[in-house]
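Just the heavy atoms: all of them, side chains too, but no hydrogens, waters or symmetry mates, feed the values below. When a residue number appears, it is its place in the shown sequence, counting from 1.
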Amino acid sequence: METTTKIYRPNVWANGDWNAFFGFGTNILVNMLVLTGLLRFVLKMPDSLVFGRILPALGLMMCLSTFYYAFLAYRLSVKTGRTDVCALPSGVSVPHMFIVTFVIMLPITLKTGDPVKGWEAGLVWVFFQSFILMIGGFVAPYIRKITPRAALLGTLAGVSVTFISMRPALEMYMTPVIGIVCFAIIMVSWFGGYKYPKGIPAGLVAIAAGMLIAWGSNLFGLNYGDMSLQKVSSAFSNFGFSVPLPAFDHVFSGFEFLGVVLVTAIPFGIYDLVEAMDNVESAEVAGDSYPTTQVLTADGVVSLIGCLLGNPFINAVYIGHPGWKAMGGRIGYSAATGIMIIILSWFGVIALFLALVPVVAISPILLYIGMLIGAQAFQETPKAHAPAIILALVPHLAAWCKTLMDGALGAAGTNAAAVGFDKLGQVGVLYHGLEVLGGGAILTGLVLGAIGVFVAEKKFAHASAFAATGAALTFFGFMHGESVGIAVTPTVAIAYAIVAGFLYALSRQLALQESPNESRRMAVPAE
């Protein structure tokens, strides 16, 4: 009698997917609101380009990404027979969103007086980033294998504490009646385990409360959240149906700006490799092991598709997998988010959300994710590695401080060089130190964290190898520099090289000390 093996078929939707969908969906919504604001109000792009070309292409890219990661989660669940597999979160890379806007598109728009030229330069930037991701996907697993978990999670914690958590936290306290109240609503559910009536997701409760406070405050002339019926009315003018259209001609027109683009495309391509490795590592710590090569290749492919259709923003695996999993997210939340993105971007609905929902009501969700990822770095690594995690975090603090200073000085119509580094130093602002330490922060954090771990474990040869790698990366501008080149910060590169030699000498000394001891142990006769 023949027996058949029953193949496990996981459910694509679990109750916890509602929580993760509203949490992750609002995260994506915030990013899309910010991104749309950058395009319309910073780059001054016409609504026909923003809502008719860029957002539809971006929506397709993100939908392909979220569906693919839902598929990977389904496949992993079938393979392992587990019901708790959570899909990787993905979307537009938030750091890159600002980099391509302020470093690539804005300067070229101002120089040419044409926002379309800025858009084309952004497309070329993503074009090269995509190929770096696809090629790097085959190298990344080896890098992940030799790099300590504390270094990977430590530099990730640096990103989460600074660029993910701080802006939402500041926004919350600028409008505390909405921000702090919404944060409390989220905290008692996602950290405290409190269940709202009828299982309503905490993210939805927080958004509803924020909208209620914002619109209700208008009745008393307080206007928390800056809401108005006029904004809602004007938002309807952007309603319509727009599908992605090929933008090959615009991509290749942007090649005239190739020199400017490559300066940031190469180092930020490496940033993407490391960030994706960190996030895949974070997911594995939470119990879900995904193939790094497939993840990076997928990010590169969907980014290239988006670019060729007119999207100047790159796709990336997001920080936060453990957070969405802790909420109960499994497979369905990722695919559902992809459908939501299509509706928002192809029908012009994002404009209505900009007018209806106070952004500060969504900020607490991003702060929660930053808190969770920062904590994970300490919770999932040996206690002795805690100093190395702090070491990996420090470059991100420097990069974040420099970003704020550059923005403030730029708003005043000046810059640090014009003010003078000496004058800034006299009031305690060591700008040049921030510039050097914060350059290439994610790679710097990884290298410093790895050195710290291996020194703590007295594996000085391994620490020496990472210091030598730091010397090479610094020499060519991938660390401690603002651009790729030759001898970008040579004195820092020399310092790393000296440290590498010092650590290697220590490793040889220890090896010589251990050899006689080993010989004596072997010489003792067995009883």
Close side-chain approach of [X] and [Y], heavy atoms under 4.5 Å:
X: F475; Y: H480; result: no
X: I180; Y: Y173; result: yes
X: P89; Y: H321; result: yes
X: L123; Y: L308; result: no
X: L446; Y: F466; result: yes
X: F313; Y: T101; result: yes
X: K195; Y: S189; result: no
X: I186; Y: F191; result: no

What class does the angle between the rings of W190 and W324 fall in, given that below 30° is parallel, 30 to 60° is tilted and above 60° is perpendicular?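 Judged by the thresholds at 30° and 60°, the geometry between W190 and W324 is perpendicular.
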Mind telling me whether F24 and Y318 have parallel, tilted or perpendicular rings, with 30° and 60° as the class edges?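 Because their plane-to-plane angle is over 60°, the rings of Y318 and F24 count as perpendicular.
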Measure the [atom1]-[atom2] distance between [X] and [Y] for me, rounded to the nearest 0.5 Å.
X: I331; Y: F71; atom1: CD1; atom2: CZ; result: 11.0 Å
X: L58; Y: N315; atom1: CG; atom2: CG; result: 8.5 Å
X: N311; Y: L304; atom1: CG; atom2: CG; result: 11.0 Å
X: L33; Y: I350; atom1: CG; atom2: CD1; result: 4.5 Å
X: F21; Y: D17; atom1: CZ; atom2: CG; result: 10.0 Å

Work out which heavy atom in [X] is nearest to a heavy atom in [Y]; give both atom names and the distance.
X: P244; Y: L309; answer: CB-CD1, 3.9 Å
X: T162; Y: H396; answer: CG2-O, 3.7 Å
X: L448; Y: P395; answer: CD1-CG, 4.0 Å
X: A467; Y: V499; answer: CB-CG1, 4.1 Å
X: A151; Y: A392; answer: O-CB, 4.5 Å
X: M32; Y: S345; answer: CE-CB, 4.2 Å

Answer yes or no: is there a donor N or O on one side and an acceptor on the other, between the side chain of [X] and the main chain of [Y], under 3.5 Å?
X: D288; Y: V85; value: no
X: K325; Y: A286; value: yes
X: S289; Y: E284; value: no
X: Y333; Y: G16; value: no
X: N31; Y: I28; value: no
X: N19; Y: G328; value: no
X: Q376; Y: S282; value: yes

Under a 4.0 Å threshold between the charged nitrogen and the carboxylate oxygen, would E380 count as salt-bridged to R149?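 Answer for the salt bridge query: no.
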Tell me which pairs pass salt bridge (charged side-chain N to carboxylate O under 4.0 Å, His left out) where either residue lies in residues 432-458, with sequence neighbours left out.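 Qualifying pairs: E457-K459.
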Please report whether the ring centroid of Y69 lies less than 6.0 Å from that of Y290.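 Aromatic pair excluded; centres sit 6.0 Å or further apart.
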Before we go on, tell me: are the rings of F127 and F131 under 6.0 Å apart, centre to centre?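 Judged by ring-centre distance (under 6.0 Å), F127 and F131 do meet the cut-off.
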Classify the side-chain pair Q129/S303 by whether it contains a donor and acceptor separated by less than 3.5 Å.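 Result is no, nothing qualifies.
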Within the 3.5 Å criterion, strictly below it, is a donor on D299 or Y68 matched to an acceptor on the partner's side chain?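 Per modelled atom types, D299 and Y68 side chains form no pair under 3.5 Å.
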Does [X] have more than 12 heavy atoms from other residues, nucleotides or ligands lying within 6.0 Å of its [atom1]?
X: Y196; atom1: OH; answer: yes
X: R82; atom1: CZ; answer: yes
X: W18; atom1: CH2; answer: no
X: F502; atom1: CZ; answer: no
X: Y504; atom1: OH; answer: no

